[in-house]
There are 2 protein chains.
Amino acid sequence: MQYAADRRAEANRLAFERLTKADPVLVDVRPAGEFIPGFTRETILTSGPPMDWPDYVGGQREAIIGGALFENLAKDRDEAISKLDAGEIKVGPCHDFGCVGSLAGIYTASMPVFVVENRTFGNIACCNIYEGSNPRRLNYGVYDEGVRERLLIVQNEIIPVVAETLRHTDGIPLKPIIKRALNMGDELHSRNTAAALLFLRELVPSLLAVASSSGSDRVTRAVKEMSDDHYFFLRLSMAAAKATADAARGIDGASVVTAMAFNCRGFAIRVGGLGDAWFKGPHASVEAKLFEGHTEDEITWMGGESIITETIGLGGFAQAAAPALQTYQGGSYEAMVSRNQELYQITVGENPDYLIPALGYRGTPTGIDIFKVLESRVLPVMDVGIAGRNGGQIGAGVVRAPLTCFERAAEAYRLQYG
Amino acid sequence: MQYAADRRAEANRLAFERLTKADPVLVDVRPAGEFIPGFTRETILTSGPPMDWPDYVGGQREAIIGGALFENLAKDRDEAISKLDAGEIKVGPCHDFGCVGSLAGIYTASMPVFVVENRTFGNIACCNIYEGSNPRRLNYGVYDEGVRERLLIVQNEIIPVVAETLRHTDGIPLKPIIKRALNMGDELHSRNTAAALLFLRELVPSLLAVASSSGSDRVTRAVKEMSDDHYFFLRLSMAAAKATADAARGIDGASVVTAMAFNCRGFAIRVGGLGDAWFKGPHASVEAKLFEGHTEDEITWMGGESIITETIGLGGFAQAAAPALQTYQGGSYEAMVSRNQELYQITVGENPDYLIPALGYRGTPTGIDIFKVLESRVLPVMDVGIAGRNGGQIGAGVVRAPLTCFERAAEAYRLQYG
């Protein structure tokens with residue numbers, strides 16, 4: 001028994017080291033279908049544990065159909081559905097393709113993805129690009145002409161400038177940006193305002209070079225889109241978090257969470273020492289602040305993997321760094337601080353790099369240990385966008401992971417490790 | 001008596017309105033000697049109430065001599081001193097020329113100044129440019145070949161790009177930048193990190209246009225200097241604050257402070273209803289965090305007018321917005337928050353635009369009323385850089401204005417208004 005406990009502690013120390021020594025660097029932007037192994041033209045990725053197509057419901061199902069139409073895999077909605085039914089269009093889970101999905105998390109072959117390399121451990125993670133601030137977006141279960149146009153602007157006008165600019169650099173290290181942004185009111189999940197500006201600053205010399213050689217108009221447009229959208233950096237934060245968390249996968253005996261994800265059916269977690277199994281539970285509980293004109297009964301679940309940021313000690317685990325978040329997701333700063341402090345009970349350690357100035361530069365609680373969750377009954381806190389029944393974003397809020405996932409994971413852990 | 005109290009309250013409401021309805025906009029960058037009325041080639045401005053040349057001592061005296069040498073008004077130190085003794089080189093107080101001085105606050109004719117227009121009330125204020133992060137700077141009483149070179153880089157390489165870029169805009173409104181920066185961990189005096197990035201973002205489209213028409217190298221260099229120096233925006237914050245505070249000058253019956261300033265001899269304040277008189281007292285008390293290798297006995301006073309930011313509800317009056325400031329100037333975040341809250345006792349109102357997220361978006365305490373200071377004995381808090389006996393910056397800290405200034409101002413107020 002003591003031997004098992006020692007072994008687990010040692011494994012969790014290693015997981016914590018992997019989580020904290022990661023060095024995520026943005027190295028490229030590439031079309032998903034070209035860059036990601038196994039990603040065919042007929043592949044559509046979506047958030048959450050793997051699931052059969054017929055099990056997708058509501059907004060997540062709509063988002064997948066929208067992805068098929070956007071990629072011109074079907075001439076209309078009916079054809080898209082029959083091709084999905086027939087398996088001619090294949091639905092896959094983002095995580096299994098080295099990606100993480102924001103909300104419904106739709107990836108199609110032509111969509112560009114940020115490619116982030118963890119330079120300490122050599123693994124790669126990807127995330128696709130923020131669609132913009134319109135609440136009606138593909139990843140919130142909406143697909144229409146406006147959504148399509150915006151997706152095309154992102155991939156044909158904004159991202160080519162970013163890609164060209166990146167080629168003038170040796171890659172943009174993301175950890176220093178995240179570190180600084182925590183000093184500037186971001187928690188890197190529902191608030192990325194400072195990180196976007198810090199990222200812009202890193203790009204400026206190259207943007208100037210590109211403007212100087214090929215004119216400033218398209219560069220100016222791309223910069224405007226990048227810096228006006230407060231969530232442009234979120235996808236980089238997510239890719240950095242995925243590249244970080246993946247390095248803690250497959251550590252024998254570790255009880256540290258390496259991924260958390262929603263789909264339309266519920267919540268699930270992965271654990272370092274338990275392979276790629278997902279431990280599922282019901283939906284998370286939520287305290288939301290809704291945009292004007294919306295009501296609580298509209299709240300619906302369409303998936304979500306942006307909570308990979310919480311997995312590495314950001315987002316809900318760094319709320320005390322982001323007092324301005326209250327205008328977006330509600331709640332008081334006092335509540336954020338006390339929630340944040342509570343989370344030290346369920347983590348392996350304090351992040352040596354991601355520090356919270358308002359807590360006297362204490363490192364963020366990092367590395368969720370399923371057994372600490374079970375002992376303390378403190379549930380992981382996550383900052384998320386809230387989707388509405390009729391599609392689109394209707395607000396934002398704070399959610400808590402359900403205990404069931406941790407109970408099931410602990411059961412599996414005991415079966416495997418005794 | 002009641003009539004007098006009512007009149008004062010009404011005058012202070014007007015002063016508060018002027019302080020809060022200001023709209024400071026950066027409109028130009030010009031050489032001080034060309035733009036500022038009465039600024040001759042032989043003029044040197046320095047911080048604090050007017051004083052005769054022989055009364056300047058220590059670092060502030062050295063800084064004035066350095067200014068004379070930098071401007072080539074004398075071939076060496078001895079000649080500079082005899083010309084100053086003879087009144088051939090004239091020393092003036094920054095405030096009387098519509099300027100504010102950072103620390104010793106040296107302005108000479110060739111130095112560029114930011115020109116900020118208060119578009120609500122039509123008045124203009126200026127501030128010269130941050131010299132850079134080297135602790136040895138002219139405004140900290142040091143003048144040597146390195147200081148001279150750096151000043152020349154600022155005025156010949158960095159600022160011409162900013163000036164050219166500005167000409168592509170209709171001016172850069174500073175209030176929106178300051179508002180946002182308060183959400184991003186700045187208090188706009190000793191921390192301007194976010195504001196510098198927000199300012200850069202405003203300039204980027206014009207910077208791209210300049211790079212596109214005349215090459216990117218010098219633009220890249222200027223951007224690097226602007227965004228690497230965490231205090232580049234301080235001078236814009238100071239000019240904005242001066243343009244704001246000046247609009248509250250000359251309000252009959254107002255007991256609101258319109259300027260605070262150090263020189264090497266002590267501290268002084270100006271009051272809205274008491275004309276341009278300065279009410280002097282001893283030096284402020286200080287809690288400092290010194291750079292490594294320095295000790296408290298080195299602390300010296302060379303002047304300082306950057307505390308104009310506190311006069312309008314920023315800096316020490318917004319410390320709760322800037323938890324990261326503790327690494328620069330010491331102290332805990334708890335102490336910052338409680339000091340910040342205390343200051344509501346001495347101000348006329350809560351700023352409608354400058355809000356503190358961590359205090360539930362409460363407006364910063366704005367408009368220091370000398371009588372409230374006397375009643376509460378709560379002294380204005382200011383965030384300042386600390387100069388060393390041998391010149392140069394040796395740290396930063398929090399200072400409190402001396403009560404004497406407020407007592408003397410109250411005496412004058414009673415004499416004038418009964």
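Naming: A, B, ... by sequence-line order, numbering from 1 per chain. Just so you know, these numbers use all the heavy atoms, side chains as well, and skip hydrogens, waters and symmetry mates.
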Applying the side-chain contact (heavy atoms from CB on, under 4.5 Å) criterion to B:S102, which one of B:E131, B:M238, B:R137 satisfies it? B:M238
Does A:Y361 reach the side chain of A:L182, with side-chain heavy atoms less than 4.5 Å apart? no
Would you say that A:L174 contacts A:F233 through its side chain, given a criterion of any heavy-atom pair below 4.5 Å between the two side chains? yes
Just checking A:D217: does its CG atom have more than 12 heavy atoms from other residues, nucleotides or ligands closer to it than 6.0 angstrom? no
Segment of [X] engaging chain A (4.5 angstrom heavy-atom cut-off):
| X | value |
| --- | --- |
| B:L200 | side chain |
| B:L198 | both |
| B:S227 | both |
| B:R180 | neither |
| B:V204 | side chain |

Parallel, tilted or perpendicular: which describes the rings of B:F114 and B:F232, with under 30° parallel and over 60° perpendicular? perpendicular
Is A:V219 in contact with chain B via its backbone, its side chain, both, or neither, using a 4.5 Å heavy-atom distance? both
What option among B:M336, B:K224, B:R191, B:E334 has the most heavy-atom pairs under 4.5 Å with chain A? B:R191
